Every structure is written in C-alpha cells, then in structure tokens.
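Structure, as structure tokens:
Just so you know, these numbers come straight off a predicted model, no measurement behind them. Whatever order the structure lists ligands and atoms in, that order sets their numbers, starting from 1.
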Amino acid sequence: MPDSVLAIEGVAKSFGANQVLANVGFSISKGEIVGLLGPNGCGKSTLLNLISGVFPADAGILAFQGENMTGQSMDQIARRGLVRTFQLPSMPRRMTVAELLHGAAARGAGFGSLFRRDASEMAEIDGLLDELALSHVRHLPAASLSGGQKKLLSIALALRASPRMICLDEPTAGVHPNLRHHMVGLLRRINASGITLLIVEHDMHFIRELCSRCVVMDRGAVIADCKPSELTSNEQVVEAYLGNARQKRAMA
Ligand SMILES: Nc1ncnc2c1ncn2[C@@H]1O[C@H](COP(=O)(O)OP(=O)(O)OP(=O)(O)O)[C@@H](O)[C@H]1O
C-alpha cells in the first residue's frame, strides 16, 4: 500500500507452548483511525506490544513508514514516531504531572535539558494540560491521579514524543462517561493534526464514533477487516464474540 504507515506481515508470537499470534497481517494508511477488536485473550495487547517493541515477534515483519522495525527496542521505535499507551498506565509517585511531561521530551534531548525550562516548552506543556483537562492537577504527584486522568496523562506523554502514530490500549476502560466523551473529541483532534491512531477497545459505541475501519481478531488471527457498520452482519465476528460468551457460560 503506497501510503501505508504501518505494515504487518506474517507476524507470530508464542509464550512457551501458548501460540498467541499466528500469521497476523494488515496495514494502516496515514491518517486512519483503526479499531483493533476481538474477544478477551485473542492477542490484541500482545500485538500492540510487538508493534511498539515491548518484546520481539517470533516471525514476520512489522514495518513503520517503510522501515522494518522488527527487533527494535521501544525507545528506538518511539524515536521513529510510533508510541503507545497502556491499558493500566503506571505513574511515578515522586514526580508531578508537569514534571513528568517535561521529562518525557527531555529523555531524547540529553540529561542537561531536564534542568532547562524554556518559555516555548512551558507553553507547550500548558497547552497540552489544557487540551487534556489536566491543568488543575499539574502539581499533583502523577501516581495520585484517577484511572481516567492517568489515561489522559499517558496520551499527553505519548504526544510529547511528537509521534506520527499512537497505539492506544483500551483508552476508555475504567474511565468516567464524561471523560469518555472528552476523549472522543480529543482523539479526533489528535488525528486531525496528522497522527494515525490504532485503538484497542471493547466499547463498541466509542469505536463507532471514532473509527473508519476495524480489524477484528480471534484466537490470534485476523478474522475481519471492515467498517464498524459491517461488524454485526459479519458472521465470523458475531460467532467469535458469541462463541466466547458461550464458552464463558459453559465454564461458569
Ligand atoms: N508476557 C506474557 N507472558 C505470557 N503470556 C502472555 C503474556 N502476554 C500475554 N500473554 C498471553 O497471551 C494471550 C493473549 O493475551 P492478550 O493480553 O494479548 O489478549 P487481549 O486480546 O489483549 O485480551 P484483553 O481484551 O482481555 O485485554 C493470553 O493467553 C495471555 O495470557
């Protein structure tokens, strides 16, 4: 695909005898907002971990902006412009929200820059805090924020890396409905600024509001690649979710 930002081909991953991903492949074009869906345990987070370099794939190719990133570290991949957020972001106890945001960009610019706070950077951090509705908690320890605020902060930290693409792992899980609404607008604005988004999410309403396309996985493989409006008429997708529910009921 000529305007592909992320191209995944034949990706596989096992943990011991447990094969979690097998021959996974799809690509994402510049500017898309793609939902990555599938029943619990089908391998969505594992795939995000491989894309963002948390751990390496056993086989296959993960190319970002035409460059094969397979085997590169999370930092190397982030420096090339692909960052991710986590399902349960952990935040440091001893740093405030503002200090953390300052440090996020300083990491790539050398230790000395930790002590420099120029006006343009402060203005950028103020703008981010404002945009993410976190201004009122800027002087609080990052670890003391609510679950939803931590999710917003992890998006702010991702933005500090000046990314071309962000992978989000369940951005709305445990988030208050008011904040959820704010997050839809926020992610739309982030996307409108030219950043491609891949979003792992169980909230179908959120997916329908935000995504133009969905990639659906089941038991470690891609089973559908379609518009959100086509999900309920896709037999394989319906069976994957129903089958999973039946399995849970049978095991209860
Ligand atoms: N680091 C790991 N070590 C061992 N097994 C793992 C590891 N990470 C994931 N797994 C296993 O991989 C499988 C897929 O897990 P994964 O978290 O990728 O699924 P998921 O689709 O994101 O699920 P959910 O929607 O519940 O978050 C599970 O069986 C899980 O136990």
His202 and ligand 1 - part of the residue with a heavy-atom distance under 4.0 Å: side chain

Taking only Lys NZ, Arg NE, NH1 and NH2, and the carboxylate oxygens of Asp or Glu, determine whether [X] and [Y] approach each other closer than 4.0 Å.
| X | Y | result |
| --- | --- | --- |
| Asp169 | Lys44 | no |
| Glu124 | Arg160 | yes |
| Arg180 | Glu209 | yes |

Is_contact(atom 14 (C) of ligand 1), protein non-hydrogen, under 4.0 Å: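 Yes, there is a protein heavy atom closer to it than 4.0 Å.
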
Would you mind running through ligand 1 and noting each atom that sits below 4.0 Å from a heavy atom of [X]?
| X | result |
| --- | --- |
| Gln87 | 27 (O) |
| Lys44 | 18 (O), 19 (O), 20 (P), 21 (O), 22 (O), 23 (O), 24 (P), 25 (O) |
| Asn18 | 29 (O) |
| Gly43 | 14 (C), 18 (O), 19 (O), 20 (P), 21 (O) |
| Glu170 | 25 (O), 27 (O) |

Rounded distance [0.5 Å steps], OH in Tyr241 versus SG in Cys42: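 It comes to 7.0 Å.
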
Leu145 side, atom CG; Leu152 side, atom CG - distance, nearest 0.5 Å: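 Rounded to the nearest 0.5 Å, the CG-CG separation comes to 9.5 Å.
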
In the protein, which heavy atom is nearest to [atom], and how far is it?
| atom | value |
| --- | --- |
| atom 17 (O) of ligand 1 | Ser45 CB, 3.7 Å |
| atom 2 (C) of ligand 1 | Phe15 CE2, 3.5 Å |
| atom 23 (O) of ligand 1 | Gly41 N, 2.8 Å |
| atom 12 (O) of ligand 1 | Val20 CG2, 3.2 Å |
| atom 18 (O) of ligand 1 | Thr46 OG1, 2.6 Å |
| atom 26 (O) of ligand 1 | Asn40 ND2, 2.9 Å |

Distance-only donor-acceptor check, side chains Asp75 and Ser73, under 3.5 Å: no

Residues Thr172 and Glu201: side-chain donor-acceptor under 3.5 angstrom: yes

Ligand 1 contact by Gly38, heavy-atom criterion under 4.0 angstrom: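 The answer is no, since Gly38 has no heavy atom less than 4.0 Å from ligand 1.
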
CD/Glu67: more than 12 non-hydrogen atoms of other groups inside 6.0 Å: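 Yes, the 6.0 Å shell around CD holds more than 12 heavy atoms from other groups.
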
Lys30 side chain vs Arg164 backbone, donor-acceptor pair below 3.5 Å: no

